[in-house]
Amino acid sequence: MQKALLIYNPFSGFRRHKRIHQVEAAAEELRRSGIEAKILPSRGPSKAGAQAKEAIQAGYDAIFACGGDGTIHDVLQGMVGEPDATLGIVPLGTANALAADLKIPRDPILAIRRQLQYRPKTIAAGLIESCHSRHPKHHRYFTVMAGVGPDALLVYSLSADAKARWGVAAYVANSLWEYITYRHEPYEMKVTDAAGRQQNITTAQVMAVRIQDFGGPLKRFARGADLSRNDLRVVIFRGGVRLSYPAYLLAALFGLQVRIPGVELTDAREIVCSALPGREDRRVYCEADGECLWRLPVRISIRPNAFNLLMPE
């Protein structure tokens, strides 16, 4: 690492007035190690990826996403397919799931020190695409997880204040409430495994997970998930989810290895979700890394050897 850019979002998160000081502390730690470091605020939502790509073309070999999983998600869009640059993290968000999985401390100085001991590894990225024929085709890469169903509305409806004040606990509490009170619209899902075998499933919720440890109490949300894999670890909720999702979430919180009726964990290379015939007007949304995206139909897959990430040896 010789030349690093630290990108941060000055408009999001709790205690925004302190964010620039935290980013400056991280940059100064890089400089103490002999690395040229520059700080750059993002130009707005979904703009950090283009800024990262511009920096790589200008000769930066490391891009640090300074913020939560949403900021990392934005920066990632400009990192995929760039073999000469590596993604690093300064965790300044609420949940910081990817940072937790990589064992990166929340203190900015300690986060840099830890990653200076890490090595760049080329890994796969999750890919979610809009398949709606009447609109331009959109796609987003992800590192933590993608979901289709009520969880997309959950992350969209959770207030910034609740996330800032309660962190992961806000997600857990809101999840339980939403799944108990919300009417979950079923849809059709086609799952393709590594051998090319396919199965059609009617579900109201699916999650494609890439990391082992979400941090806090959710350390084993999807057992078997790992960033080093070239496939998706998929949590499928067959049929209704009003009872199965809260039960699965509570089992994950308490680390219980119990079978929840209607819940299945499997491996897949592709998932295609579409509305049931006659229900195309129903609003079923998708999300990736906590960012609410589009309505059905969508495709979730994997792109091998997508980007470089600073990871423990």
Side-chain angles (χ1 to χ4, degrees), residues 1-45 47-49 51-52 55-56 60-79 85-121 143-144 160-161 163-171 211 213-216 218-219 227 289-291 307-313:
M1 191 188 308
Q2 295 180 342
K3 193 174 180 181
L5 179 69
L6 295 86
I7 300 178
Y8 75 101
N9 185 348
F11 308 109
S12 70
F14 190 49
R15 296 177 178 173
R16 292 188 291 271
H17 61 286
K18 292 187 176 181
R19 177 152 301 185
I20 183 60
H21 302 296
Q22 294 172 311
V23 178
E24 286 175 345
E28 188 57 34
E29 187 63 26
L30 286 168
R31 295 182 188 117
R32 277 194 287 267
S33 299
I35 298 167
E36 181 182 342
K38 179 182 176 181
I39 297 172
L40 184 68
S42 68
R43 293 193 287 255
K47 302 293 185 182
Q51 291 174 272
I56 295 168
Y60 286 88
D61 57 3
I63 308 293
F64 282 86
C66 305
D69 293 313
T71 300
I72 298 169
H73 178 83
D74 280 349
V75 172
L76 174 68
Q77 309 312 309
M79 302 290 297
T86 300
L87 176 63
I89 300 168
V90 179
L92 302 177
T94 302
N96 301 301
L98 183 59
D101 191 64
L102 295 171
K103 304 296 185 291
I104 298 174
R106 295 190 63 139
D107 180 272
I109 295 175
L110 297 180
I112 294 298
R113 289 177 183 173
R114 179 71 58 85
Q115 287 171 96
L116 288 175
Q117 300 172 16
Y118 287 2
R119 292 291 179 267
K121 293 185 180 181
T143 57
V144 175
D161 181 67
K163 288 191 291 184
R165 179 170 298 183
W166 304 108
V168 174
Y171 286 100
I211 65 172
D213 186 353
F214 279 70
L218 289 176
K219 294 184 181 298
L227 283 170
D289 291 341
E291 302 295 312
F307 72 106
N308 299 321
L309 178 65
L310 284 173
M311 299 180 68
E313 287 191 274

(request) Looking only at non-hydrogen atoms, find the nearest pair between Leu5 and Tyr60 and report the distance. (result) N-CD2, 3.6 Å
(request) Determine the minimum heavy-atom distance between Ala52 and Met79, stating which atoms define it. (result) CB-SD, 4.3 Å
(message) Counting neighbours of NZ on Lys38 that are heavy atoms of other residues, nucleotides or ligands and sit closer than 6.0 Å, is the number greater than 12?
(response) no
(request) May I ask you to test the Asp101-Val144 pair for a side-chain heavy-atom distance under 4.5 Å? (result) no
(request) Indicate yes or no for a side-chain donor-acceptor contact from Gln51 to the backbone of Pro41 under 3.5 Å, with no hydrogens or angles considered. (result) yes
(message) Checking side-chain contact (heavy atoms from CB on, under 4.5 Å) between Tyr8 and each of Val90, Leu92, Ile20, Thr71, which is the one that passes?
(response) Ile20
(request) Sort and list the pairs that fulfil salt bridge (charged side-chain N to carboxylate O under 4.0 Å, His left out) and have at least one residue in residues 108-121, not counting sequence neighbours. (result) Glu29-Arg113
(request) Could you pull out all residues at least two apart from Glu36 that satisfy side-chain contact (heavy atoms from CB on, under 4.5 Å)? (result) Lys3
(message) Could you measure the distance from the CD1 atom of Ile109 to the CG atom of Leu30? Nearest 0.5 Å is fine.
(response) 11.0 Å
(message) Quick check for you: to the nearest 0.5 Å, what is the distance between Thr86 atom OG1 and Met1 atom CE?
(response) 7.0 Å
(message) One pair to check against side chain to side chain contact (heavy atoms under 4.5 Å, CB included): Thr143 and His73. What are the steps and the verdict?
(response) CA-CA 7 Å; Thr143 57; His73 178 83; over 6 Å; no
(message) Going by salt bridge (charged side-chain N to carboxylate O under 4.0 Å, His left out), name the pairs with one or both residues in residues 66-75, residues two or more places apart or in two chains.
(response) Asp74-Arg140
(request) First locate atom CD1 of Ile63, then atom CG of Leu310, and finally report the distance between them rounded to the nearest 0.5 Å. (result) 11.0 Å
